[in-house]
Amino acid sequence: MNTVRKMRSINTLWLCGLLAATVCLGGCQKFHKTNTQPLYQAGMWSDTIKQLKDLDVSESEVNELIKLHEAGLSDDACVKLMHIVRDRKEMFTSGDSVAGLLRAGVSEKSILELAQLNLIGTWALEVQGIRLSGYSDNVVLAIAHRRAQRLPTVSATSLVELKNTGVTEPQALELIARGLTDEQAGQMIASHQQKQKPTGFVRGSGRKSR
């Protein structure tokens, strides 16, 4: 009987120890705090960092947010961007993409609109190409809304080539609204190039010596 009691006591102690270890580990994970000191060092306001803490930003997201801040995104826009990401129950991983958009001249308002349409990660390079070709955010957003609705639209490459043929921004916006596709853009570009080719023969004005 004594042996049985001892075994029961050992099992009870082992289970209690295991339970305590599990609770302790869970508590440590629950109360682990992300190091937000780098955000202070990057120049973010204390109120901004508090809002980001309330959104449970991770260590990796802190690094992504620093990229945005260094590229010029305001504190307010950083918080709004994180809210958009959290509404999708996702982690923010597009720091480089957003920084690239800012450097290409895309406004904060347009970046937030692109984020709402969930097009930053998948379409950032094309957006940069459109902006760097000389078209404004209006053209970017016109295409973005069609892409988000899965409507036919033109790619950045074709749009840039059209720009080189002399298509103005109002003309581009009208074409996009009518559902311009790459195939149609290609036809327009080919037609323009055909018109630019020289026609006829040029006669020489000099005489041959006898």
Side-chain angles (χ1 to χ4, degrees), residues 60-61 63-200:
S60 62
E61 288 177 319
N63 294 329
E64 297 298 304
L65 287 164
I66 289 172
K67 294 176 185 178
L68 305 186
H69 198 265
E70 291 178 344
L73 195 69
S74 70
D75 284 23
D76 183 56
C78 285
V79 173
K80 287 179 179 177
L81 193 56
M82 284 303 304
H83 273 291
I84 293 170
V85 174
R86 286 295 184 268
D87 286 344
R88 295 196 185 99
K89 300 186 181 344
E90 296 176 352
M91 298 289 287
F92 180 64
T93 59
S94 303
D96 289 323
S97 296
V98 175
L101 295 178
L102 288 166
R103 295 187 184 105
V106 181
S107 70
E108 287 188 356
K109 182 181 177 183
S110 296
I111 287 172
L112 292 174
E113 191 165 343
L114 290 171
Q116 288 282 9
L117 296 172
N118 201 17
L119 287 175
I120 286 182
T122 58
W123 200 48
L125 288 177
E126 285 202 57
V127 173
Q128 290 180 54
I130 294 170
R131 287 296 278 113
L132 293 173
S133 72
Y135 286 123
S136 75
D137 286 5
N138 292 331
V139 173
V140 169
L141 295 175
I143 298 175
H145 281 281
R146 291 190 67 85
R147 286 176 65 92
Q149 297 173 61
R150 301 185 182 279
L151 295 173
T153 194
V154 66
S155 69
T157 302
S158 295
L159 196 62
V160 171
E161 290 180 5
L162 282 175
K163 175 78 173 179
N164 293 333
T165 68
V167 172
T168 64
E169 177 152 326
Q171 290 172 331
L173 288 169
E174 184 180 349
L175 290 167
I176 292 165
R178 294 199 328 236
L180 179 70
T181 63
D182 282 343
E183 182 180 359
Q184 293 168 338
Q187 293 170 354
M188 293 174 64
I189 293 164
S191 175
H192 174 80
Q193 292 173 341
Q194 185 65 35
K195 291 176 181 178
Q196 298 302 307
K197 290 182 179 179
T199 56

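FYI, side chains are in, hydrogens and waters are out, and symmetry mates aren't considered; it's all heavy atoms of this structure. This structure is a prediction, so every number in the text was calculated from the model and none was measured.
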Enquirer: Measure across Ala144 and Leu119 and return the closest heavy-atom pair with its distance rounded to 0.1 Å.
Expert: O-CD1, 3.4 Å

Enquirer: Is there side-chain contact between Gln184 and Arg178, with heavy atoms separated by less than 4.5 Å?
Expert: no

Enquirer: With the threshold set at 4.0 Å, does a side-chain nitrogen-carboxylate oxygen contact exist between Lys109 and Glu113?
Expert: no

Enquirer: First locate atom CG of Asp96, then atom NZ of Lys67, and finally report the distance between them rounded to the nearest 0.5 Å.
Expert: 3.5 Å

Enquirer: What distance separates Leu102 CG from Gln128 CD, expressed to the nearest 0.5 Å?
Expert: 9.5 Å

Enquirer: Would a 4.5 Å heavy-atom cut-off, applied to side chains only, mark Arg146 and Pro152 as touching?
Expert: yes

Enquirer: Compare all side-chain heavy atoms of Val98 with those of Phe92 and state whether any distance is below 4.5 angstrom.
Expert: yes

Enquirer: Nearest 0.5 Å, please: how far is CE in Met82 from CG in Asp87?
Expert: 10.5 Å

Enquirer: Give the minimum heavy-atom separation between Ala124 and Leu101, together with the two atoms involved.
Expert: O-CD2, 3.6 Å

Enquirer: Quick check: closest heavy atoms across Ala185 and Val154, and the distance to 0.1 Å?
Expert: CB-CG2, 4.2 Å

Enquirer: Minimum heavy-atom separation for Trp123 and Ile130, please, with both atom names.
Expert: CZ2-CD1, 4.2 Å

Enquirer: Should Val106 and Val140 be marked as a side chain to side chain contact (heavy atoms under 4.5 Å, CB included) after you check the CA-CA gap, both sets of side-chain angles, and the distance that decides it?
Expert: CA-CA 9 Å; Val106 181; Val140 169; 5.6 Å; no

Enquirer: Taking all non-hydrogen atoms of both residues into account, name the closest pair between Arg147 and Thr153 and its distance.
Expert: CG-CG2, 3.8 Å

Enquirer: From Thr181 OG1 over to Ile176 CD1, what is the distance, rounded to the nearest 0.5 angstrom?
Expert: 12.0 Å

Enquirer: Any non-hydrogen side-chain atom of His69 less than 4.5 Å from a side-chain atom of Leu65?
Expert: no

Enquirer: Quick one: does Arg88's side chain get under 4.5 Å of Ile84's, heavy atoms only?
Expert: yes

Enquirer: Between the side chain of Glu161 and the main-chain N/O of Ile189, is any donor-acceptor distance below 3.5 Å?
Expert: no

Enquirer: Do Arg131 and Asp137 touch side chain to side chain, with heavy atoms closer than 4.5 Å?
Expert: yes

Enquirer: For residues Lys163 and Ser133, report the shortest heavy-atom separation together with the two atoms involved.
Expert: CE-O, 3.4 Å

Enquirer: So how far is it from Asn164 CG to Leu159 CG, rounded to the nearest 0.5 Å?
Expert: 10.0 Å

Enquirer: Drop me the distance from Leu81's CG to Ile111's CD1, to the nearest 0.5 angstrom.
Expert: 8.5 Å

Enquirer: Under 4.5 Å between any side-chain heavy atoms of Glu126 and Ile143, yes or no?
Expert: no

Enquirer: Take atom CD in Gln196; do more than 12 heavy atoms of anything else shown fall under 6.0 Å from it?
Expert: yes

Enquirer: So do Glu108 and Lys80 actually touch side chain to side chain, heavy atoms under 4.5 Å?
Expert: no

